Amino acid sequence: MSDIYEKVIELAKRRGFVWPSAELYGSVAGFIDYGPLGAMTKRRIEDIWRHYYIIREGYYEIECPTVGTEAIYLASGHAKGFADKMCQCPHCHEYFRADHLAEACGIENGAVLSKEDLAAAITDAACPSCGETFGQTEVFDFNLMFQTTIGPGSQRKGYLRPETAQGIFTDFSRLSRFYRQKLPFGAVQIGKSYRNEISPRQGMIRLREFTQAEAEIFVNPEEKTHPAFARYADYSVDLWAIEQQQQNTEAITKTMRQAVDEGIIANEYIAYYLALTHELLATIGVDPKRTRFRQHLPDERAHYAIDCWDAEVYSERFGWVEVVGIADRTDYDLRAHAAESSDSMTVFVPFDEVRKETRKRIVANMGVLGPKYRGKAAKIAAALEEAMPGPDGAEVVVDGETIFVPGDLYTLHEEEVEVRGAEVMPHVIEPSYGVDRMIYSVLEHAYEEEEIDGEVRTVLHLAPCIAPVQVAVFPLVKKDGLDTIAREITVDLQDAGVLADYDDNGAIGRRYRRQDEIGTPFAVTVDTETKEEGTVTLRDRDSMAQVRVKTDDLVQTLVSLTRGRTTFADLTTE
RNA sequence: GCGAUAGUAGUCUAGUGGUAGGACAGUGGCUUCCCAAGCCACUAACUCGGGUUCGAAUCCCGGCUAUCGCACCA
């Protein structure tokens, strides 16, 4: 049966929203092209995202390469952790995850075994597909990252990034200086990421090249209270928390204040971005009734994450689809990069008041110590500074050798120092949006076939702020100079930054329907009254209602309508 | 990736071993003062590669893509 997915995809293909990529030479699953209308819609959605995260939250956007060196992904764990150990049945040539097979044979922790151990573990395993015994089989890594080499003849490995986040982490120190080393701060990135999925099946939902919009917000681990939390404290969303999932009950509706106070959501930052995400999705036209937030269960959550929620959108075709992930990733990423690089990845956080601390310091008496230990003296002196002295001496370890240094070879100083703050490794709050999934959700929720006088009218109820074509301009008939007036109006609208589409082809009804199908929210029609009274009709896509508007006021009215400042209903009640 | 099924203009579809019709859409024109109206004309397709055959869109094999099942997967 032709379900809504097929109808939406058919429309998207036919009218130029989304196409299979490079159909000319045969397309490859997991790659899509955005056609003229799709690219415009995507841009508008991204710009609304920018409005929320850059303009309102104040996290500037950066843009990093999609190709990264191996070091980045060794640090991030993607080079290892993103790889599955696979094997192939020698009889039926089916592929399986080796660790799953091993676990089916009663091996625990198959995931941590080496390739060789796994191969040994599965020799007696029966193939889940054909039932034959595996025997000696090779276990190989399948890494979800696309690999490339950098430079001619170079052995230097490069990877296409599997997420945009790493670019922000690798720029951490410069970002910290840009924000004058004051937590919290954040950066965002919108761009392509790549995952070489084994078998992408679900159209726009699982792609090998996809667009992410990610924010990495660096916060003081001691202060996970969002400075603007009041904005969303009373905002309520549907939460499908761990408890409801385990008890198999429905999502619960809570305000963000309640959810944080009751400990359902780990902190204000997570709650704040849950609410912001809910509002953003509603703004671009995702049905709030078909939006919920699902908390990751403890066993699916990454071990370092404190709390993680997915914004899920209901699709008639795919069920609940993860569109946004919002996680508190703690200092995992920065710690990983600090360990791999020579950067501390910390921010100096001053204390509210300068703290006075007394510090014990051991100063070696080099005049005695030097001659006594000779070549080892410098190292022993350095080790002494860190040592805990006993009553008559201190033990230090130098080059694996334990040396007892008598108390008369050093003096103990007690000094009062002023401590003005501490080096803090921030925690990362990460809202991560799948832009392609947002677009699909919007299209599916906007699609409607309604019956008008026995005819089916196909309408995309796109929000005026994301509709690719914002206004259509028609002469009612192509004579008496009506077309000239309509063309002039089109240019006036275009000059005001409104994407206006002039059309004089065919009957007026057909032109309305054409625009309905691509979601154009408003249509302006020029008729004889335009010449006599100086007014045009403005037609609303959703209600098909019309009002007469003064030609002189038209541009201003439409600018305001397309930006969502006013609605068509406001015009009719005036 | 494996198995099953399928692939005909932009879309939907008819069809047969002898090189393809329809509908809708689109374009040009006529008509038309408000919701896919009417009339005329036009454009436009056999998924790709190989094989069998005098001849293949049709039969066979393979690739690609889509749908479904399995596996995989945020």
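Below, chain A is the first sequence line, B the second, and so on; all start at residue 1. Since the structure is predicted, the reported quantities are computational estimates derived from the model, not experimental observations. Below, each value reflects all heavy atoms present in this structure, side chains not excepted, and no hydrogens, waters or symmetry copies.
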T458(A) side-chain proximity, nearest of A36(B), U67(B), U11(B) | A36(B)

Across the strands shown, which category fits V456(A) at heavy-atom distances under 4.0 angstrom: base, sugar-phosphate, nothing?
-> base

Whole-Å gap separating P (U67(B)) and NZ (K13(A)) = 9 Å

With sequence neighbours excluded, tell me which residues meet ring pair (Phe, Tyr, Trp, His ring centres under 6.0 Å) with Y5(A).
-> F318(A), Y440(A)

Between C1' of A74(B) and CG of D436(A), the distance in whole Å | 13 Å

State the CG-CZ distance between L207(A) and R195(A), to the nearest 0.5 angstrom.
-> 11.5 Å

Do any of residues 541-553 of chain A sit with a heavy atom less than 4.0 Å from RNA chain B, and if so which?
-> M544(A), Q546(A)

Is any side-chain N or O of Y25(A) closer than 4.0 Å to OP1 or OP2 of U65(B)?
-> no

Tell me, which pairs form a salt bridge (Lys or Arg N to Asp or Glu O under 4.0 Å) where one or both residues lie in residues 543-555 of chain A, sequence neighbours left out?
-> D527(A)-R548(A), E529(A)-R548(A)

Rounded to the nearest 0.5 Å, the CG atom of D501(A) sits from the CD atom of Q515(A) at a distance of 5.0 Å

Starting at the 5' end of RNA chain B and moving along, which residue's nearest nucleotide shows up first, L482(A) or E517(A)?
-> L482(A)

Return the value, rounded to whole Å, for the distance between atom CG of D3(A) and atom P of A66(B).
-> 15 Å

Those residues that, when tested against Y34(A), pass ring pair (Phe, Tyr, Trp, His ring centres under 6.0 Å) (two or more places apart) | none

Test for a donor-acceptor pair under 3.5 Å between the base of C34(B) and the side chain of D527(A), counting only N and O atoms.
-> yes

Set of salt bridge (Lys or Arg N to Asp or Glu O under 4.0 Å) partners for E197(A), sequence neighbours left out | R206(A)

To the nearest angstrom, how far is D33(A) atom CG from U65(B) atom P?
-> 14 Å

Do other residues, nucleotides or ligands put more than 12 heavy atoms under 6.0 Å from the CD atom of E243(A)?
-> no

Between P of A74(B) and CZ of F293(A), the distance in whole Å | 21 Å

For a side-chain hydrogen bond (donor to acceptor under 3.5 Å, both in side chains) with S315(A), tell me which candidate from H445(A), Q202(A), E444(A) qualifies.
-> E444(A)

Among the candidates A36(B), C34(B), U32(B), find the nucleotide nearest to the side-chain atoms of E455(A).
-> A36(B)

Just checking T525(A): base, sugar-phosphate only, or nothing, at a heavy-atom cut-off of under 4.0 Å?
-> base

Scan residues 208-217 of chain A for pairs that pass salt bridge (Lys or Arg N to Asp or Glu O under 4.0 Å), counting only residues two or more places apart or in two chains.
-> K192(A)-E209(A)

Could you write out each protein N or O paired with an N or O of nucleotides 23-28 of chain B at a distance under 3.5 Å?
| from | atom 1 | to | atom 2 | distance (Å) |
| --- | --- | --- | --- | --- |
| A25(B) | OP1 | R510(A) | NH1 | 2.9 |
| A25(B) | OP1 | R510(A) | NH2 | 3.0 |
| G26(B) | OP1 | R514(A) | NH1 | 2.1 |
| G26(B) | OP2 | R510(A) | NH1 | 2.7 |
| U27(B) | OP2 | N505(A) | ND2 | 3.3 |
| G28(B) | OP2 | N505(A) | ND2 | 2.5 |

In whole angstroms, the gap separating C1' of A66(B) from CG of L207(A) amounts to 15 Å

Atom pairs and distances, side-chain donor-acceptor, residues 16-32 of chain A, under 3.5 Å, sequence neighbours left out:
| from | atom 1 | to | atom 2 | distance (Å) |
| --- | --- | --- | --- | --- |
| W19(A) | NE1 | K13(A) | O | 2.9 |
| S21(A) | OG | D33(A) | OD1 | 2.8 |

Tabulated below should be each protein N or O lying under 3.5 Å from an N or O of nucleotides 40-47 of chain B; please produce it.
none

For K531(A), answer base if it contacts any base atom (sugar-phosphate contacts may also be present), sugar-phosphate if it contacts only those atoms, and nothing otherwise; contact means non-hydrogen atoms under 4.0 Å.
-> nothing

Picking from C34(B), A36(B), U11(B), the nucleotide nearest the side-chain atoms of T537(A) would be C34(B)

Is K478(A) near enough to C30(B) that one of its side-chain N or O atoms lies under 4.0 angstrom from OP1 or OP2?
-> no

Side chain of R539(A): nearest nucleotide among A74(B), U65(B), C35(B)?
-> C35(B)

Quick one: do D310(A) and R294(A) make a salt bridge, cutoff under 4.0 Å?
-> yes

Determine whether more than 12 heavy atoms belonging to other residues, nucleotides or ligands lie under 6.0 Å from atom CD of E63(A).
-> no

Between the side chains of Q546(A) and T537(A), is a donor N or O closer than 3.5 angstrom to an acceptor N or O?
-> no

Closest-nucleotide ordering on RNA chain B, the 5'-leading residue of D310(A) and Y5(A) = Y5(A)

Those residues that, when tested against F522(A), pass ring pair (Phe, Tyr, Trp, His ring centres under 6.0 Å) (two or more places apart) | none

Side chain to side chain donor-acceptor pair (under 3.5 Å) pairs touching residues 269-278 of chain A, sequence neighbours excluded, are E57(A)-Y272(A), E57(A)-Y273(A), Y59(A)-Y273(A), H226(A)-Y273(A), R231(A)-Y272(A), Y235(A)-H278(A), T277(A)-Y433(A)

Measure the distance from CZ on F474(A) to C1' on U32(B) and round it to the nearest whole Å.
-> 16 Å

Nearest to the side chain of L476(A) - U11(B), A37(B), C34(B)?
-> C34(B)

Pairing annotation in dot-bracket form, given for RNA chain B with Watson-Crick or G-U pairs under 3.5 Å and | for cross-strand partners | (((((((..((((....[..)))).(((((.......)))))....(((((..]....))))))))))))....

Round to a whole Å and report the spacing from CZ of R206(A) to P of A74(B).
-> 8 Å

